[in-house]
Amino acid sequence: MIAELVDRVLSGDDDAAWELEEATEDDLAALRPHLVRLLDADVYLPERMFRAAGEDVQRAAVARIDMGVTRNFQLFRVLAETRGPVVEAAFVRWLKEPPPGIEAGVLASFLAGSGWDFDDDGRAREICGTTAYGLAPTGTTAPSSDRCPWCGGELWTALDVDTADPRVAGALAHTSWRGRLRIVTCFLCALHGTKYVDVTPDGGAAWSAYTGESPDGRVLVAEPPPRVRLTPGEQLPDLHFADGSALGGRPWWLQDPEYPACPACGKVMAYVGDVAPSDVLANDVAEGAIYLFLHTPCGLAAVVTQND
Ligand SMILES: [Zn+2]
Ligand SMILES: [Zn+2]
């Protein structure tokens, strides 16, 4: 049945592509013998169908890119789905010497958007989690005596978790953080640029001087921030969680990816999770997403906000 569907896809039958995706959703390995045929015909969508690709398919894809075929980055996305040593080596090479028609800077931001960073000796560093848990409202956070230097309002506790909880340890394994991680920011000023937070493993969290000055010296009438506490719940089946707050996994960006660089050392910060404003406010209409990042060696967290 899979072979038949692949035949139909290759003959240009769009319905068959949907059927194939559905038929292989829970068994990507069944597609493996057919991936080279799809690749040879430049049929890569959806890229997730290639997650089970073996090194033969990866090498074939790398060769096509070396010949200048990328189909508007689709082929890069295929490789980013499969990962593994063949793919890593190819990306390290392309970052130094881009394939035909591709700019190195564009490729680097594509890789950052895929949750990858490469160090100087070409080793890949995961900046996203390999497991994810939903964050659910349970109880309240204590009021803070710390104030937002921009508006004078009370700082908001966006996250307060501890790696003593195995779910937290799993979701944050890629960050190398050990201990209590508390991230505070100003709920009202969160929209105005990236905020940085000095964090320590005992749960210490303070507005960082790296955040800089308020953009236009704004003074607001401050309301108290939400006091809802979010704690890890069920493990999520998908690392790209689109619906509600989550710890670990990969960000579901509402706009273009904005992985912040650590303001102290310049490295891409690791993704911690996101908070959906509707989970901490007593209404369903709050939109947007608040993304949390961490660079453990420098003890800095970052808060990035996007709106729909
Ligand atoms: Zn503020
Ligand atoms: Zn750093």
Side-chain angles (χ1 to χ4, degrees), residues 108-109 111-113 115-121 123-129 141-160 163 172-202 204-228 251 257-273 275 277 280-281 286-307:
S109 47
L111 287 172
W116 264 1
D117 185 34
F118 290 86
D119 64 20
D120 295 339
D121 22 307
R123 270 180 318 222
R125 187 169 67 93
E126 281 290 349
I127 54 182
C128 293
T141 57
S144 169
S145 54
D146 294 331
R147 299 272 146 186
C148 167
W150 286 12
C151 73
E154 179 190 324
L155 288 188
W156 167 58
T157 303
L159 186 72
D160 187 355
T163 58
L172 299 186
H174 63 294
T175 69
S176 309
W177 183 265
R178 298 280 176 280
R180 182 176 172 196
L181 177 63
R182 207 162 61 87
I183 298 179
V184 298
T185 191
C186 179
F187 194 76
L188 293 169
C189 295
L191 263 179
H192 302 269
T194 302
K195 303 292 175 302
Y196 299 100
V197 191
D198 297 315
V199 289
T200 52
D202 58 357
W207 182 280
S208 166
Y210 282 113
T211 302
E213 298 296 314
S214 170
D216 48 8
R218 6 182 264 126
V219 177
L220 296 175
V221 179
E223 294 168 32
R227 296 247 165 74
V228 172
E258 284 181 68
Y259 289 91
C262 173
C265 72
K267 291 214 180 298
V268 182
M269 299 178 90
Y271 178 62
V272 165
V275 173
V280 294
L281 292 171
E287 288 176 351
I290 298 163
Y291 306 92
L292 308 175
F293 295 86
L294 179 64
H295 195 231
T296 297
C298 296
L300 279 163
V303 182
V304 174
T305 301
Q306 288 191 345
N307 271 321

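Atoms within a ligand are numbered from 1 in the order they appear, just like the ligands themselves.
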Using only atom types and a distance under 3.5 Å, with no angle test, would you say the side chain of Thr305 pairs donor to acceptor with the backbone of Ala190? yes
Identify, with sequence neighbours excluded, every residue that meets salt bridge (charged side-chain N to carboxylate O under 4.0 Å, His left out) alongside Asp198. none
In terms of heavy-atom contacts, Cys186 and Leu155 come closest through N-CD2, 3.9 Å
For the Zn ion (ligand 2): protein N/O/S atoms at distances below 2.8 Å: 4
Opening angle at the Zn ion (ligand 1) [SG, Cys186; SG, Cys151; to 10 degrees]: 100°
Vertex the Zn ion (ligand 1), arms to Cys148 SG and Cys189 SG, rounded to 10°: 110°
Please list, one pair per line, the donor and acceptor atoms closer than 3.5 Å that link side chains of residues 261-271 to other protein atoms, with sequence neighbours excluded.
residue : atom : partner : partner atom : Å
Tyr271  : OH   : Asp274  : N            : 3.4
Tyr271  : OH   : Asp274  : OD1          : 3.3

If you take all heavy atoms of Val272 and Leu159, which pair is closest and at what distance? CG1-CD2, 3.7 Å
Test ring pair (Phe, Tyr, Trp, His ring centres under 6.0 Å) applied to Tyr196 - qualifying residues, sequence neighbours left out: none
Trace of the salt bridge (Lys or Arg N to Asp or Glu O under 4.0 Å) decision for Asp160 with Arg180: CA-CA 7 Å; Asp160 187 355; Arg180 182 176 172 196; 2.8 Å; yes
